[in-house]
Amino acid sequence: FMTLAAVFAGVMSLAATTPLRFVATSVTAIGAILALVGIVQAGTGSTRMYGLWAPLTHTTPFGPFVNRNHFAAWMLMALPLAMAQCAAYLAALRRDAGLHPRVFDFLGSPRAGQVLLTAFASLLMSVALLMTGSRAGIGGFVLIVVAMAWKQIRGRNVTRAAGPVAISALALAGLAVAWVGPRPILTRIQELPGTRWSGRLDAWSEAWRIAQDFWLTGSGLNTYATATLAYRDPNVLLTFATPH
């Protein structure tokens with residue numbers, strides 16, 4: 001907590017003198033590097049982190065994360081920032097090029113390199129996110145793309161200004177899916193055997209009842225597995241020991 005508080009205070013103090021665009025640039029750069037590590041690891045079929053270390057218990061490492069869902073969660077937070085930065089560069093590029101730009105006007109602009117770099121970084125991050133096979137990550141990716149496209153279209157009276165950015169977001173999603181392939185994604189989504197989403201609906205129902213009884217402070221630190229025993233439906237066979 002103290003470390004995060006210090007980082008937050010430092011960033012806020014810089015805001016008075018320095019544009020905070022470097023935050024988005026840093027997150028995009030780090031995200032591209034992490035995505036590349038994950039893609040290479042997935043391509044080699046290695047189950048060891050960095051190709052060296054294997055956890056003692058059964059896990060599904062992806063990149064520098066011990067669990068692919070953790071990697072997907074990080075990418076879900078970083079990817080919108082990278083896509084928004086790319087959209088800002090693209091909008092600035094069109095604004096600088098004028099109403100009737102030529103192809104050379106785009107390619108000759110210094111902002112063209114920024115657009116290409118951030119777009120490629122966003123593509124790498126999207127591909128790595130889909131390659132994790134995290135179902136929540138895939139669902140979150142769909143929401144991100146839809147939200148980005150809707151954000152550009154909503155409130156814009158000029159389709160010419162909003163259209164390219166919205167189309168770029170959809171094209172990015174299409175390229176990422178084409179890179180990974182739709183079959184692995186669909187196969188992963190269909191790996192929910194049994195009824196009620198493999199017990200997930202029952203787990204959410206139990207958690208909701210616990211939240212209603214302990215709405216103010218919660219049931220206690222690290223008590224999820226214990227609390228669910230008291231709220232468990234006898235007819236439900238599958239239980240979860242961890243809330244995530």
Side-chain angles (χ1 to χ4, degrees), residues 21-90 111-149 164-192 242 244:
R21 186 177 296 274
F22 80 92
V23 175
T25 303
S26 301
V27 171
T28 302
I30 295 173
I33 295 173
L34 292 181
L36 189 59
V37 171
I39 292 173
V40 171
Q41 182 198 51
T44 58
S46 175
T47 58
R48 295 175 176 266
M49 295 176 63
Y50 300 108
L52 300 173
W53 181 75
L56 295 177
T57 58
H58 174 70
T59 58
T60 53
F62 195 92
F65 288 79
V66 75
N67 187 289
R68 61 186 175 189
N69 293 307
H70 300 169
F71 182 95
W74 193 95
M75 281 297 171
L76 285 177
M77 293 185 288
L79 182 58
L81 198 60
M83 294 178 64
Q85 187 181 36
C86 181
Y89 284 144
L90 181 59
R111 294 188 185 275
Q114 296 174 327
V115 172
L116 292 176
L117 284 175
T118 52
F120 184 66
S122 301
L123 178 61
L124 283 178
M125 295 166 69
S126 301
V127 169
L129 173 60
L130 295 178
M131 290 181 70
T132 61
S134 170
R135 286 179 286 255
I138 295 172
F141 176 72
V142 174
L143 292 178
I144 288 173
V145 173
V146 173
M148 286 294 298
V165 178
I167 293 175
S168 299
L170 298 176
L172 172 68
L175 286 174
V177 172
W179 187 334
V180 177
R183 185 181 297 274
I185 299 175
L186 293 177
T187 301
R188 178 60 180 163
I189 295 176
Q190 292 172 355
E191 288 180 353
L192 283 172
T242 52
H244 63 281

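Using a 4.5 Å heavy-atom cutoff, the side chains of I39 and L124 are in contact. In this structure, L81 and T28 have side chains that are not in contact, with every pair of non-hydrogen atoms separated by 4.5 Å or more. Residues M75 and F141 form no side-chain contact, since every pair of their non-hydrogen atoms from C-beta on lies 4.5 Å or further apart.
Rounding to the nearest 0.5 angstrom, the gap separating the CG atom in L90 from the CG atom in L116 is 10.0 Å. Rounding to the nearest 0.5 Å places NE2 of H70 at 12.0 Å from OG1 of T132. In this structure, the separation between CZ on F71 and CG on L129 is 7.5 Å, given to the nearest 0.5 Å. A distance of 11.0 Å separates CG in L130 from CH2 in W179, rounded to the nearest 0.5 Å. Between the OG atom of S122 and the CD atom of Q85 there is a distance of 8.0 Å, given to the nearest 0.5 Å.
Taking every heavy atom of both residues into account, V115 and T118 meet most closely at O-OG1, 3.1 Å. Closest of all the heavy-atom pairs between G63 and V37 is CA-CG1, 4.0 Å. A176 and L123 get closest at one heavy-atom pair: N-CD1, 3.8 Å.
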Using side chain to side chain contact (heavy atoms under 4.5 Å, CB included), reason through M131 and R68 one step at a time and then give a plain yes or no.
CA-CA 9 Å; M131 290 181 70; R68 61 186 175 189; over 6 Å; no
Might you work through the side chain to side chain contact (heavy atoms under 4.5 Å, CB included) test for L76 and I144, ending with a clear yes or no?
CA-CA 8 Å; L76 285 177; I144 288 173; 3.7 Å; yes
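Within 6.0 Å of the CZ atom in F120, the count of heavy atoms belonging to other residues, nucleotides or ligands does not exceed 12.
Taking the six-membered ring for Trp and thresholds of 30 and 60 degrees, F65 and W74 have ring planes inclined between 30 and 60 degrees apart.
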